[in-house]
Amino acid sequence: MPPLDLKQLKVRPLAERRSLTTVEEILVDPASPPPEAPPDVLAAVRECATAIAAARSKQAGVMLIYGAHLLRNGTALLLERMMAQKWLTHLATNGAGTIHDWEYAWLGRSTESVRDNVADGTFGAWDETGRCIHLALLAGGLREEGYGQALGRFIVKDGTDLPEPDTLRSAIQQEPDHPLTPARADLLVAMQTHGLNAGRHTVAHRWKQASILSEAFRHRVPISVHPGIGYDIIANHPMFNGAVIGRAAAIDFRLFGGAVEQLDDGVVLSIGSAIMGPQVFEKALSCVNNLRLQHGRPAVAGHRIYVVDLQDGGRWDWDSGEPPKTNPAYYLRFCKSFARMGGTLRYVQCDNRLFIHHLVHELQRL
């Protein structure tokens, strides 16, 4: 059977979609008192806040790795407070985290019924989401920007500018071996195929405050995105280009590795990222240690890892070592992988919004 021709996909305006969440419903005010939390959660929050303060006093890194639910739970303003106070030095998310982020920033609402929309072929087939994210990444490729920076810039600047096709053709012909040649060629083909005119493409984002990407860009906090090809709804669009996504994600993996390099005596927060977080972190840490050991430097050490998720942690004491393969806890990737990463692991079974809300208030008290 031949592969699908995605250019034949029929996409519809995003405003026609029945979205399940709105900015007004979800955003948490940082000034509001956090809801009550169990004593063990409060103890973990206090410990985490102390660790973050100690790390920043040593100029060590504090990384937040998060899944899309942290954004969908309305924590953008809480994270903005953490970035503004320089409590975070790097953020990382998956593709879904950026898709909801952009939809909130542009439309003020996001999330769809997977069950209903897969059945009628509309799941993910929304024009502006796929078009604008690809547009941001195509333009960012000419600046050698990663996914996070390119899309954050697109939101903050309300769009982007595209060069004349003849300018791209000339650059490709004159400098075929230039590192930007693939990015220039992808943009040129996209402009010809999808009717993208040269000049300004204005896309007004009326709800920027709901975007973690925009706040990271505004505060100059690096944010890396780690998508999967075919994982995200931007694959369900005629403009889908795995090379463009992969190029931006490759830049961000190196950016993520640069953050891991700063983790001696630092802190890692993995919140609601059951797969991407541990998988990307273990590869990046191995790369960092590989390079360090080549130059006679010790491996990353002294870091503390806080994993926050709603799922039961298997009732396993991760300080005692790794469970046997006969124990279901062994298959909890978000605990097992991080437990292998050196440092100290603390698993907190907690709602991610509750944890972040209390963490911000605790950090303000220190």
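In what follows, every heavy atom counts, from backbone to side chain, and hydrogens, waters and symmetry copies are set aside.
Counting only heavy atoms from C-beta outward, the side chains of Y306 and V45 never approach each other to under 4.5 Å. Side-chain contact between M63 and L263: present, with at least one pair of heavy atoms (C-beta onward) separated by less than 4.5 Å. R184 has its side chain within reach of H178: a pair of non-hydrogen atoms, C-beta onward, lies under 4.5 Å apart. A heavy-atom distance below 4.5 Å is not found between the side chains of R72 and I26. Contact annotation: the side chain of T89 approaches that of R56 to within less than 4.5 Å [non-hydrogen atoms, C-beta and beyond]. Using a 4.5 Å heavy-atom cutoff, the side chains of Y104 and L27 are not in contact. For the pair Q209 and E80, the minimum side-chain heavy-atom distance is 4.5 Å or more. Between I251 and E145, the closest side-chain pair of non-hydrogen atoms is not below 4.5 Å.
When all heavy atoms of H361 and A31 are compared, the closest pair comes out as CE1-O, 4.3 Å. Taking every heavy atom of both residues into account, S337 and Q279 meet most closely at OG-NE2, 4.2 Å. Residues R81 and P30 approach most closely at NH2-CB, 3.6 Å, considering heavy atoms. Taking each heavy atom of A55 and V62 in turn, the nearest pair found is CB-CG2, 4.0 Å. Here the closest non-hydrogen pair linking K157 and R200 is O-NH2, 2.6 Å. When every heavy atom of V308 is checked against every heavy atom of C350, the shortest pair comes out as CG1-O, 3.7 Å.
Panel note: side chain R17, backbone A125; no donor-acceptor pair is recorded below 3.5 Å. Of the possible donor and acceptor atoms, none in the side chain of D101 sits under 3.5 Å from a partner among the backbone N and O of L71. Without hydrogens or angle criteria, T93 side chain to Y66 main chain gives a donor-acceptor distance under 3.5 Å. Judged by distance alone, the side chain of T98 and the main-chain N or O of G95 form a donor-acceptor pair under 3.5 Å. Here the side chain of H357 pairs a donor or acceptor atom with the backbone of S32 at under 3.5 angstrom. With hydrogens and angles ignored, the 3.5 Å screen pairs no side-chain donor or acceptor of R292 with any backbone N or O of G296. Between the side chain of T181 and the main chain of E175, a donor-acceptor pair closer than 3.5 Å is present. Judged by distance alone, with hydrogens and angles left aside, the side-chain atoms of S270 form no donor-acceptor pair with the main-chain N or O of G277 at under 3.5 Å. A side-chain donor-acceptor contact under 3.5 Å links D120 to the backbone of T122. Under a 3.5 Å cut-off, the side chain of H205 and the backbone N or O of G159 do not form any donor-acceptor pair.
In this structure, CD1 on I99 lies 9.5 Å from CG on L151, to the nearest 0.5 angstrom. Taken to the nearest 0.5 Å, the CG atom of L196 stands 5.0 Å off from the CE atom of M239. The distance from atom CD of Q59 to atom CG of D265, rounded to the nearest 0.5 Å, is 12.5 Å. To the nearest 0.5 Å, atom CZ of residue R247 and atom CD of residue E144 are 10.5 Å apart. Remark: E282 CD to C287 SG distance equals 11.0 Å, nearest 0.5 Å. Atom CG of L269 sits about 11.5 Å away from atom CZ of R304, to the nearest 0.5 Å.
In this pair, H90 and F256 present their aromatic rings perpendicular. The plane angle is above 60°, beyond the 30 to 60° band. Using cut-offs of 30° and 60° on the angle between ring planes, the pair W102 and W106 is parallel.
E128 has no carboxylate O lying under 4.0 Å from a charged side-chain N of R131, or vice versa, which leaves the two without a salt bridge. Between D264 and R297 no salt bridge is recorded (no basic side-chain N to carboxylate O distance below 4.0 Å). A salt bridge does not link R109 to E25: none of the charged side-chain nitrogens sits closer than 4.0 Å to a carboxylate oxygen.
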- Task: Give the C-alpha distance, both sets of side-chain angles, the deciding distance and a yes or no for side-chain contact (heavy atoms from CB on, under 4.5 Å) between T160 and R143.
- Result: CA-CA 12 Å; T160 193; R143 297 184 292 267; 4.2 Å; yes
- Item | Audit row: M191, L168, side-chain contact (heavy atoms from CB on, under 4.5 Å) steps and yes/no | CA-CA 11 Å; M191 293 177 72; L168 292 170; 3.9 Å; yes
- Query: Checking side-chain contact (heavy atoms from CB on, under 4.5 Å) for the pair K336/W318: CA distance, chi angles, key distance, verdict?
  - Reply: CA-CA 8 Å; K336 179 178 67 175; W318 290 94; 4.2 Å; yes
- Message: Set out, in order, the CA-CA distance, both residues' side-chain angles and the distance that settles side-chain hydrogen bond (donor to acceptor under 3.5 Å, both in side chains) for W126 and E112, then state yes or no.
- Response: CA-CA 11 Å; W126 308 106; E112 60 184 306; 3.0 Å; yes
- Task: Evaluate side-chain contact (heavy atoms from CB on, under 4.5 Å) for I133 paired with H237, printing each intermediate quantity in order.
- Result: CA-CA 11 Å; I133 292 179; H237 195 280; over 6 Å; no
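The number of heavy atoms from other shown groups lying within 6.0 Å of CZ (R169) is above 12. Heavy-atom neighbours of Y330 OH from other residues, nucleotides or ligands within 6.0 Å: above the threshold of 12. The 12-atom threshold is exceeded at CD of Q192, counting heavy atoms of other residues, nucleotides or ligands nearer than 6.0 Å. For K283, the NZ atom sits in a packed shell: over 12 heavy atoms of surrounding residues, nucleotides or ligands are nearer than 6.0 Å. Within 6.0 Å of the CZ atom in R365, the count of heavy atoms belonging to other residues, nucleotides or ligands does not exceed 12.
Hydrophobic clustering places V288 together with I65 (ILVMFWY residues linked when any side-chain heavy atoms are closer than 4.5 Å, directly or through intermediates). L213 and L255 are not part of a single hydrophobic cluster, where members link through side-chain heavy atoms under 4.5 Å apart. A continuous path of hydrophobic side-chain contacts links M82 to V348 [ILVMFWY only; heavy atoms under 4.5 Å]. Hydrophobic clustering, with ILVMFWY side chains joined whenever heavy atoms are under 4.5 angstrom apart, keeps M341 apart from V267. Hydrophobic clustering of Ile, Leu, Val, Met, Phe, Trp and Tyr side chains at less than 4.5 Å, counting indirect connections, unites L137 with I229.
Aromatic pair H226/Y147: centroids not less than 6.0 angstrom apart. Checked against a 6.0 Å centroid threshold, the rings of F338 and Y347 do not count as neighbours.
Each of L78, D351, L354, I271 was evaluated against N73; a single residue qualifies, D351, per the side-chain contact (heavy atoms from CB on, under 4.5 Å) test.
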